[in-house]
2 protein chains.
Amino acid sequence: MTEEEYLAAYDPRAFPAVAVTVDVVALTIRDGALHVLLVRRGGPPFEGAWALPGGFVQPDEDLRAAAARELLEETGVTTLGRFHLEQLASYGAPDRDPRMRVVSVAHLAFAPDLPDPAAGSDAREAAWVPVDALGLPDAAGSRDRPVRQRPGTSRRLAFDHARILADGLERARGKLEYTPLATRFTGPEFTIAELRAVYEAVWGDSLHAGNFHRKVLSVPGFVESTGATTERGGTRGGPRSKLYRAGDARLLHPALLRPSREEAVR
Amino acid sequence: MTEEEYLAAYDPRAFPAVAVTVDVVALTIRDGALHVLLVRRGGPPFEGAWALPGGFVQPDEDLRAAAARELLEETGVTTLGRFHLEQLASYGAPDRDPRMRVVSVAHLAFAPDLPDPAAGSDAREAAWVPVDALGLPDAAGSRDRPVRQRPGTSRRLAFDHARILADGLERARGKLEYTPLATRFTGPEFTIAELRAVYEAVWGDSLHAGNFHRKVLSVPGFVESTGATTERGGTRGGPRSKLYRAGDARLLHPALLRPSREEAVR
DNA sequence: ATAATAGTGTCTTTGAGACACTATTCG
DNA sequence: CGAATAGTGTCTCAAAGACACTATTAT
């Protein structure tokens, strides 16, 4: 690339047509299982397949704003509220979209448990789908639970969205280790057991309740007590739990490390 | 309409004109100090300012391939060899380039100590510049050392490259904690002291030589002995060091954590 | 000789995890 | 009552870091 070519940039049409989109890996926890927000494709390519919500970045629209717009549109929520939204990575293999060159800037979102998205005006069907039902390669969470496929659900995600989802899951697992973002999956007040359920759903591993409890309370700024307790004990018995809200820590120190990842080291 | 008909009828120009570029934060260690590869801009905007090497993604070119091409062009090296190259993040603020909408997919590279880049055929001046000389906000490495500004060097990087560089530095600091990538800054064989110098340059902190030594050898797969030793001791005395090469670990377990980041937690 | 460095030994403190145990609440 | 759960106590082991020390080499 010579300087002259670079200066020719004044003419936007001098460059190969590239479309820039955002895609969102939005995760939530339902009934103790990790779910991802998907939309059913209404036209080719990959007609009828599930895909991550996403779309073109509009002129004068920031990448994050575009991702937030897509996320809110498909969830039917009006503001980001307690959502967590961060950039994940960009995907630009030349053949990833058969129509044209598309570079997608993927984002990762954590959402509290939400009602099912209403079928929007854009006629796109959106749904929270259990991650385990998608049969991802290397999905750590799919070891224990049996994979239940929803009727009419093709397991193959459109485009390279299976890879994007896998990358998002891995990022999410890591983020829970050293940030307090697990609290973004819960309501504003939560019990330690609810927080533990978040970790177990995302990591796909069961954790020792007692040690987890002590560990969470020992990390400065992770959670702070509200002073209140739940109205009732658990559905199968047990004392009422104390309630907590997110503290002011942005990083967990020391971190909550996932159980033995020895096998992932080499 | 069949899939083929649909694709044939598809008009790529229906989308807003966006240019996609790659920029590279290439880091190396020279004389114990962290350096970044920069190019001097030869025309407006930001004429005469330093910028990260980068350029447009070519048709049918993968994002990583584009970043590798830019990296090799400006370093004057022919193959990636022992370079480390990973995607960093994408930057797409609507006004980040005054000419048009540009989304840049930034990459992060670690390089061993290389000769100065020859002024290439493209007449762009490229140089390894000490990171401390750039006066970045929140540059952890700039606390101890005095900032020496090179003659004729504007400290302000072009576009949003200061932010990209800052993000790259933070990523690099974190990567050294839990991956063996520090070895990518050295030659194929290195001493523990050389490895420690890498950590000290990137983290901008001095480490305890004895504890570092024991820690590195205790992490499985981080380094493996070559059996050889250096020909001479250090320039100011001391015994000869044993030589090591990179081991087969992809993650360090347990990790080498940076000294007390308590202040960064809230 | 002096100073600097490579590498090792040892002690203290922190934290992770296993296990046990009590108190509370639901069915 | 019996089972499940919240929360705490305690013990063991791994690891981080401070400090000390020896051996080796350059000047």
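Each chain gets a letter, A, B and so on, in the order the sequences are listed, and its residues count up from 1.
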Rounded to whole angstrom units, what separation is found between the [atom1] atom of [X] and the [atom2] atom of [N]?
{"X": "A:Glu177", "N": "C:dG15", "atom1": "CD", "atom2": "P", "result": "17 Å"}
{"X": "A:His253", "N": "C:dA16", "atom1": "NE2", "atom2": "C1'", "result": "15 Å"}
{"X": "A:His213", "N": "C:dG15", "atom1": "NE2", "atom2": "C1'", "result": "17 Å"}
{"X": "A:Leu207", "N": "C:dG17", "atom1": "CG", "atom2": "C1'", "result": "12 Å"}
{"X": "A:Leu217", "N": "C:dA16", "atom1": "CG", "atom2": "P", "result": "13 Å"}
{"X": "B:Glu231", "N": "D:dT25", "atom1": "CD", "atom2": "P", "result": "12 Å"}
{"X": "B:Lys242", "N": "D:dT24", "atom1": "NZ", "atom2": "P", "result": "12 Å"}
{"X": "A:Lys215", "N": "C:dG15", "atom1": "NZ", "atom2": "C1'", "result": "7 Å"}

Q. For atom CZ of B:Arg82, is the number of surrounding heavy atoms from other residues, nucleotides or ligands below 6.0 Å larger than 12?
A. yes

Problem - Residue closer to the 5' end of DNA chain C, B:His208 versus A:Leu257 (nearest nucleotide) - result: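 Mapping each residue to its closest nucleotide by heavy atoms, the 5'-most match is B:His208.
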
Output the distance between atom CD (A:Glu170) and atom CG (A:Leu108), rounded to the nearest 0.5 Å.
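If we round to the nearest 0.5 Å, A:Glu170:CD and A:Leu108:CG are 11.5 Å apart.
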
Electrostatic pair [X]-[Y], nearest N-O below 4.0 angstrom:
{"X": "B:Arg173", "Y": "B:Asp205", "value": "no"}
{"X": "B:Arg240", "Y": "B:Glu231", "value": "no"}
{"X": "A:Glu86", "Y": "A:Arg64", "value": "no"}

Regarding [X], tell me which of base, sugar-phosphate or nothing describes its non-hydrogen contacts under 4.0 Å with the strands shown.
{"X": "A:Gly233", "value": "sugar-phosphate"}
{"X": "A:Ala193", "value": "sugar-phosphate"}
{"X": "A:Gly210", "value": "base"}
{"X": "B:Ser218", "value": "nothing"}
{"X": "B:Thr191", "value": "nothing"}

Just to verify, what does B:His107 make a ring-ring contact (aromatic ring centres under 6.0 Å, His included) with, not counting sequence neighbours?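 By the ring-ring contact (aromatic ring centres under 6.0 Å, His included) rule, B:His107 matches no residue at all.
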
- Side-chain N,O (B:Arg236) to OP1/OP2 (D:dA26) below 4.0 Å: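 Checking D:dA26 against B:Arg236, no side-chain N or O comes under 4.0 Å of OP1 or OP2.
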
So, does B:Arg232 get its side chain near the phosphate of D:dT27, meaning an N or O under 4.0 Å from OP1 or OP2?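 Answer is yes, contact under 4.0 Å.
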
Determine whether any donor atom in the side chain of B:Arg214 lies under 3.5 Å from an acceptor atom in the base of C:dG9, or the reverse, and answer yes or no.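 When only heavy-atom distances are counted, B:Arg214 does reach the base of C:dG9 through a donor-acceptor pair under 3.5 Å.
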
What residues 179-186 of chain A contributes to the DNA chain D interface at heavy-atom separation below 4.0 Å is none

_I want to verify a distance call: between C:dT25, D:dG17, D:dT25, whose nearest atom is closest to the A:Arg240 side chain?_
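Nucleotide nearest to A:Arg240's side chain: C:dT25.
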
Ranking C:dA23, C:dG17, D:dA18 by distance to the side chain of B:Asn211, first place goes to D:dA18

Review point. Would A:Phe212 and A:Tyr199 satisfy ring-ring contact (aromatic ring centres under 6.0 Å, His included), going step by step from the backbone distance to the final call?
Key: CA-CA 10 Å; A:Phe212 180 86; A:Tyr199 276 90; 5.5 Å; yes

More 5' along DNA chain D: B:Thr235 or A:Arg196, using each one's nearest nucleotide?
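Going by which nucleotide is closer to the 5' end, it is A:Arg196.
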
*asked:* Any side-chain to backbone donor/acceptor pair from B:Glu177 onto B:Arg258? Under 3.5 Å, distance only.
replied: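 Pair found, side chain donor or acceptor close to backbone of B:Arg258.
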
